[in-house]
Amino acid sequence: MIWAGRARPRLAIGTLVIATALLALAAACQAAPPAPTASQDPPPGPDLVEPAVQTSTDGLLQTTLTAALGPVQVGGRQVTTTTYNSSFPGPTLRVRPGDELRVRLVNQLDGMTNLHTHGFHTSPLGFGDNVLHHLMPGQTWELEFGTLDDHPPGLYWYHPHAHGDSDEQVSGGMAGAIINQGAIDELPGIAGLTERLLLIQATQFAADGTAVPPLDQQPDAETRYINGQVNPTIRIRPGETQRWRIGNISSDDWVDLQLDGHQLHQIAADANPMDRVVAQDNVLLGPAERAEVLVQAGAAGSYELRTMPFQGEPEAVLATMVVEGEPMNPQPLPTTLLPFEDLSVLPIDRERQITFQILDGPEFVIDGQEFDPTRVDQLVQLGGTEEWTINNATSSWHPFHIHINDFQVVAINGQPYEARGHQDTVPIPPNGSVTMRTRFLDFPGAFVYHCHILGHEDAGMMGLIEVQE
Ligand SMILES: [Cu+2]
């Protein structure tokens, strides 16, 4: 456990007047006339390139992910870092409902690892989404995630989750997308659109190309990458609508997305379609969160996609959208999407309070205790519907994530919240709370809930839940 007991000093408070994306759902629907970006700094790079895609055949996607330290091309230079299949990020696994997913995980690292399928509703036992098992150096696992029948369509992701080593491995680049197809892809206004995958990572490489350990990284010295590129160019025609699947797969960094002169019309949060389109000027994504947005291009010109200052992390240009070519007739954007099951009206079996704290030391704890894989913190009955309030007793934001079962936010800081869908990760405001409802369906066994700032998770801000039949 290289980083156990320590945590990254990422506690500075930025501008906290920023309402979270969750609170900004009443944004106006009418876009301002787009104004092209005046200056280019840094200059736009080559066209956006997406990770290699692996698709299923005859209902089965069987693939190999080899975790290793070695030379990799990142941002136009050769570095030495930990990746899957020498790719930063790893390959995209593309599946459809009914497909079975099997992954051969090969550990060529010096330390232990494992694999978490973030957002999956699958068994936490055996060789499934079991993050309590650790794969030792030189070992190979055959992981089976079953069929994806019960999974909403959207953007999932995979990454290592070995307690104590998660931060370093994900920061180094071990992460990739899983895209599940489904009903949202067929809706009028979405079907047939050009799709782009934008995976955001943030890390720091030394002059000799080696990865800087997470605890030694500084927000000002990190580089924000999209698909391993620095400020790639995204091309679109005037009036054209594109669908961007955006994932914050960084280990510790927040992104507060803004596209010059354009609104982001959000259609999905995490891997869950929303019930209607929500137009936003900013989309806040904590570590591990995903958003799918429609972008309708304005007049010809260049527009920067940026992350705005948040919690001590500086503004940065992530990509440049270049609007060019033959204009298209702007098509009406969809309004209504897919209904979701409203958990806010269900009777609940139990309420729980969970509190994130940072004690002197610092110690990163939940309910006063660091993670202990031998201690069950929450004992739950299979099939139960529960309401959890996650309290944040610190002065900084922390993203809450629970494995295996999605949830619905029903209140923020005690105020009722009208959700647009389910999600698997949610930012908890400083000295505030988020109340959510979830159901522990289908899968008994032990799994975890935690802060998805992986430096905090590795240091102990994680709890164990056991679902009993
Ligand atoms: Cu945290």
Side-chain angles (χ1 to χ4, degrees), residues 1 3-14 16 18 20-22 116 118 131 159-171 175 200 202-203 213-215 217-219 222 248-256 270 284-289 310-313 353-372 377-378 388-403 407 409 412-413 423-436 447-465:
M1 294 193 187
W3 307 115
R6 304 167 64 200
R8 191 175 190 182
R10 180 61 65 79
L11 301 176
I13 310 303
L16 294 181
I18 300 166
T20 70
L22 289 169
H116 171 47
H118 187 116
V131 300
H159 64 87
H161 209 299
H163 184 56
D165 291 344
S166 300
D167 194 18
E168 185 183 28
Q169 292 182 1
V170 174
S171 173
I200 301 166
T203 194
L215 295 179
Q217 293 177 17
Q218 295 299 324
E222 286 180 341
N248 179 358
I249 63 168
S250 70
S251 56
D252 303 273
D253 286 67
W254 297 77
V255 289
D256 186 20
D270 300 338
L284 176 67
L285 294 178
E289 286 194 285
F310 190 84
Q311 195 151 285
E313 295 166 7
Q353 298 278 334
I354 307 286
T355 302
F356 284 4
Q357 290 170 282
I358 302 174
L359 307 178
D360 286 345
E363 287 180 70
F364 291 76
V365 299
I366 297 179
D367 299 325
Q369 295 184 293
E370 289 185 358
F371 178 67
D372 178 349
D377 298 297
Q378 314 293 337
W388 289 24
T389 297
I390 300 100
N391 302 289
N392 178 357
T394 80
S395 55
S396 56
W397 292 78
H398 300 264
F400 171 85
H401 171 53
I402 185 167
H403 291 206
F407 55 81
V409 174
I412 296 175
N413 293 335
Q423 54 201 96
D424 59 48
T425 308
V426 63
I428 314 296
N431 298 305
S433 68
V434 168
T435 303
M436 63 78 161
F447 50 93
V448 293
Y449 55 94
H450 59 90
C451 174
H452 221 293
I453 294 174
L454 296 183
H456 297 180
E457 175 199 308
D458 279 346
M461 203 177 258
M462 180 156 73
L464 189 70
I465 176 171

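Computed from heavy atoms alone, side chains included, the values below leave out hydrogens, waters and symmetry copies. A quick note: this is a predicted structure, and the numbers were derived from the prediction, not measured. For ligands, and for the atoms within them, numbers begin at 1 and follow the listed sequence.
- A distance below 6.0 Å separates the ring centres of Phe310 and Trp397.
- Take Ser250 and apply the side chain to side chain contact (heavy atoms under 4.5 Å, CB included) test, not counting sequence neighbours, and it matches Ala202, Asn248, Asp253.
- Side-chain atoms of Thr425 and His118 include a donor-acceptor pair closer than 3.5 Å.
- Using cut-offs of 30° and 60° on the angle between ring planes, the pair Tyr449 and Phe400 is tilted.
- Ring geometry for His452 against His401 counts as tilted: the plane angle lies between 30° and 60°, on a 0 to 90° scale.
- With ring centers used as reference points, His450 lies 6.0 Å or more from His163.
- Of all protein N/O/S atoms, those under 2.8 Å from the Cu ion (ligand 1) are His398 ND1, Cys451 SG, His456 ND1, and waters are not counted.
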